[in-house]
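Everything below concerns the one structure shown next.
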Protein chains: 2
Amino acid sequence: MPAKGYSWSDAPRLAAPDPAPGLPRWEALAIDAVGNVIEFWGFKHNQGRVWAVLYLRGTSMTATQLEEELGLSKGAVSMLVRDLERWGVVVRIRQPGTGAWHFRAETDLVQMVRRVIQERETAFITRIRADLEEARRLAAASGVGRERLARLEKLAALAVGAERALRIFLRTARVDLSTLLVALGEGKLRSRT
Amino acid sequence: MPAKGYSWSDAPRLAAPDPAPGLPRWEALAIDAVGNVIEFWGFKHNQGRVWAVLYLRGTSMTATQLEEELGLSKGAVSMLVRDLERWGVVVRIRQPGTGAWHFRAETDLVQMVRRVIQERETAFITRIRADLEEARRLAAASGVGRERLARLEKLAALAVGAERALRIFLRTARVDLSTLLVALGEGKLRSRT
DNA sequence: GCGGAAGTTCAAGGAGCCTTGAACCCCTTG
DNA sequence: CAAGGGGTTCAAGGCTCCTTGAACTTCCGC
């Protein structure tokens, strides 16, 4: 349900399919699809793309490889993998023989997204509810007419309802996706690293 | 679940409570709360604020009043009410005796949000699914290794799952909020216009 | 019809987020 | 221990979306 840079009025424009120079089209398509989804949920487009290449390849990759494959700058890759690492969806390993780090995708991207969403959304709606309740209190204290008070209360009720709907969604999403997560996990990366 | 200008990393910062000069604090609080919610769902913060004042006041207001109360420019108000009108959550009425339009809030903001979300999200996820399927087709055609194909298929499965979860959410949200909508409606605006 | 207030449109300006690129640091290897 | 690739950081720039402000149009009332 969210949206970021996803406008209601005109064309929905998803990120251009071009920016991946040397990638086979199918891979670029899949990678960008993940990027779009991730962006949709409030993360950065390129965080999704990085995870996606790593996941699709199955092997581990160096920062330099990521730069080349995705057409990103050195600095960008550094920051992106740092985030992904922090969230535990990518691990960093030191390859013997080479002086470079290698990165590998964990399969729990979805879990991570759900967790973050949950925290974020819950905090948000809680805040809204608090504000509306505060408003109601202040309004009541300053002797606002009963009609207006009634309206305020209805708004507050809406917030409560929204919170419940959200909770239900997160629960069903968990149940619903957990089956898929199992599936994702069982092909368990036999990464030829 | 969406987010717009709602970052994961640092402080969640909601819009500053200041920009409403002459409004009593409770009103400003409530109005901004609505603004934040609406923005969260991908609309403009000020679209929410405009609807909110109109709703809370119960009376109809002129564009000039809206400008003053919310601290917006003439042009902004014009465009904002135009959008709200188009969505049917605000109606424009001509007041006899005055040469100015008056605006009044309809109570179906929530319905409107749900409808727009539904269209938008559905289109989005459908597009993602299509892309992933296309990717899979192309990959299969160009003889990609079975391991990679398997990963791609898992991604596609995820998209399908997400779509289902979304549909469930929209349904529960409708059921869940319809009760509230009834409540909202029955205090039916006795607008002293 | 005219005068003028109300409303609309749109180019220019502003704000926020993301990425780049270069300076800096670290750490391995020879 | 010196050399140099790899990684990190961060200020500057780019981009996108939103708002402003002013020219332009519309419409009411006299």
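The interatomic distance linking A/His45 (NE2) with D/dT16 (P) rounds to 13 Å, in whole Å. The separation between B/Leu70 atom CG and D/dC18 atom P is 17 Å, rounded to whole Å. Nucleotide D/dT8 holds its C1' atom 9 Å from the NZ atom of A/Lys74, rounded to whole Å. Nucleotide C/dC18 holds its P atom 9 Å from the CD atom of A/Glu39, rounded to whole Å. The nearest whole Å value for the distance from the CZ atom in A/Arg94 to the P atom in D/dG5 is 16 Å. For the pair B/Leu80 CG and C/dG7 C1', the interatomic distance rounds to 14 Å; values are reported in whole Å.
With D/dT9, D/dG7, C/dG7 as the choices, the nucleotide that has an atom nearest any side-chain atom of A/Thr64 turns out to be D/dG7. Proximity note for B/Arg92 (side chain, C-beta onward) versus D/dC18, C/dG7, D/dG7: the nearest is C/dG7. Of all nucleotides listed (D/dT8, D/dC10, D/dG7), D/dC10 comes nearest to the side chain of A/Met79.
Residues A/Arg136 and A/Leu152 share a closest heavy-atom pair of CA-CD1, 3.7 Å. When all heavy atoms are compared, the tightest approach of A/Phe103 to A/Ala63 is CE1-N, 3.9 Å.
Criterion: ILVMFWY side-chain heavy atoms under 4.5 Å apart, direct or through other members. Under it, A/Val77 and A/Met79 are not part of a common hydrophobic cluster.
Between B/Asn46 and D/dC18, a side-chain N or O to OP1/OP2 separation shorter than 4.0 Å is absent.
Cation-pi geometry between B/Arg120 and B/Phe43 is met: the NZ or CZ atom falls under 6.0 Å from the ring centre, inside 45° of the normal.
Looking at heavy-atom distances under 4.0 Å, B/Ala100 makes contact with sugar-phosphate atoms alone, never a base.
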